[in-house]
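Numbering of ligands and ligand atoms starts at 1, following listing order. Side chains are part of it too, since the values below use all heavy atoms of this structure and drop only hydrogens, waters and symmetry mates.
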Amino acid sequence: MEQTAEVGFREPEPARRRWLIATATAGGVGCVVTLVPFVEYFEPSARARALGAPVTVDIQALKEREVVTKRSPDMLAQIPKCDALVADPQSRHPYSLPLPKYCRNEFRARASRPGILVVTAVCTHLGCTPLARLRPGPQPGLPDDWPGGFFCPCHGSTYDLAGRVFKDKPAPQNLDVPRFMFSHPDVLIIGKDEQGEA
Ligand code: FES
């Protein structure tokens with residue numbers, strides 16, 4: 001059931017924009033995924049930020065450095081279960097970037113690569129950097145029924161595995177999803193897509 005929420009709009013701090021890149025490998029039917037979650041907080045160079053340039057990320061290289069977050073099929077399955085718990089399940093009220101059309105789906109990802117999530121690592125409350133808390137279950141600072149997602153240590157806002165903010169948290173909006181595209185199966189370009197640059 002769709003939720004409605006009163007949300008406010010706040011100008012982000014462009015200089016603090018960082019890209020949070022989360023990827024998943026495709027698991028076959030019945031495949032047990034034992035991947036250790038990694039997360040990469042990718043910060044473009046100051047020059048790239050100043051120029052507003054797209055950022056190119058070689059996913060394969062990131063895997064070798066163990067900095068890619070991997071959402072397993074089990075983790076993806078958790079996302080629809082959070083629809084009733086998040087403030088804006090359909091991402092109707094974006095923070096600073098319109099949700100790209102190709103991400104208007106339950107995983108907020110490209111349909112051809114549903115495991116790959118790209119969101120800005122800027123909390124929509126006051127701009128702190130959310131931390132990856134991808135493992136479900138009890139852990140410090142989180143509820144016992146934690147489904148996995150992201151946690152902002154500043155004031156306790158929590159986001160699900162698609163970067164959607166949970167209800168009744170200080171943050172009013174979901175994490176932004178920037179434009180992105182693949183120039184190669186393992187090369188992700190952030191800040192640009194088939195329609196051009198953001
Ligand atoms: S800045 Fe994230 S909860 Fe306040």
Side-chain angles (χ1 to χ4, degrees), residues 2-23 37-46 48-50 52 55 57 67-71 75 78-100 103 106-109 116-180 190-191 198:
E2 184 176 336
Q3 305 296 313
T4 59
E6 290 297 323
V7 296
F9 293 88
R10 182 179 297 116
E11 287 298 318
E13 300 172 62
R16 301 194 61 205
R17 182 173 293 168
R18 295 163 293 267
W19 310 118
L20 171 58
I21 304 160
T23 75
F38 297 109
V39 65
E40 166 74 341
Y41 289 90
F42 185 86
E43 186 156 12
S45 70
R49 286 200 308 271
V55 176
V57 181
V67 291
V68 176
T69 298
K70 300 180 185 297
R71 293 190 304 185
M75 294 161 83
Q78 282 290 336
I79 293 171
K81 296 177 184 175
C82 292
D83 283 358
L85 306 175
V86 298
D88 182 12
Q90 306 297 326
S91 299
R92 297 267 170 84
H93 305 283
Y95 176 52
S96 67
L97 299 171
L99 184 66
C103 289
E106 62 185 341
F107 301 124
R108 302 215 306 156
I116 298 180
L117 171 71
V118 182
V119 292
T120 56
V122 177
C123 179
T124 65
H125 181 215
L126 294 175
C128 290
T129 301
L131 305 174
R133 292 290 181 267
L134 306 177
R135 181 172 52 83
Q139 48 202 290
L142 294 169
D144 288 350
D145 59 353
W146 176 243
F150 303 91
F151 168 69
C152 181
C154 290
H155 311 100
S157 291
T158 48
Y159 301 84
D160 76 349
L161 287 163
R164 301 177 302 175
V165 68
F166 284 98
K167 292 178 181 175
D168 303 321
K169 298 297 178 181
Q173 287 143 292
N174 298 336
L175 298 178
D176 272 336
V177 176
R179 294 187 190 192
F180 66 94
I190 301 173

**Asked** To the nearest 0.5 Å, what is the distance between CZ (F150) and CG (L117)?
**Response** 5.5 Å
**Request:** Run the salt-bridge test on R164 and D160 with the 4.0 Å N-O cut-off and return the result as yes or no.
**Result:** yes
**Message:** With a cut-off of 2.8 Å, does C152 put an N/O/S atom close enough to atom 4 (Fe) of ligand 1?
**Reply:** no
**Prompt:** How far is atom 3 (S) of ligand 1 from its nearest protein heavy atom, and which residue and atom name does that atom have?
**Reply:** S157 OG, 3.2 Å
**Request:** Give a yes or no on whether C123 keeps an N, O or S atom under 2.8 Å from atom 2 (Fe) of ligand 1.
**Result:** yes
**Prompt:** For G156 and F151, which heavy atoms make the closest approach, and how far apart are they?
**Reply:** CA-CE1, 3.8 Å
**Fill in**
Of L161, I79, L99, V118, the one forming a side chain to side chain contact (heavy atoms under 4.5 Å, CB included) with R108 is L99
**Request:** List every atom of ligand 1 that sits less than 4.0 Å from any heavy atom of L126, numbering the atoms from 1 in the order shown and giving each element.
**Result:** 1 (S)
**Request:** For C128, counting its heavy atoms only, list the atoms of ligand 1 lying under 4.0 Å from any of them.
**Result:** 1 (S)
**Prompt:** Tell me, which N, O or S atom in H125 is closest to atom 4 (Fe) of ligand 1?
**Reply:** ND1
**Reported CD-to-NE2 distance for the pair Q173 and H93, which is rounded to 0.5 angstrom** = 8.5 Å
**Request:** Using 2.8 Å as a strict upper limit, say whether an N, O or S atom of H155 approaches atom 4 (Fe) of ligand 1 that closely.
**Result:** yes
**Asked** Under 2.5 Å between the SG atoms of C128 and C154?
**Response** yes
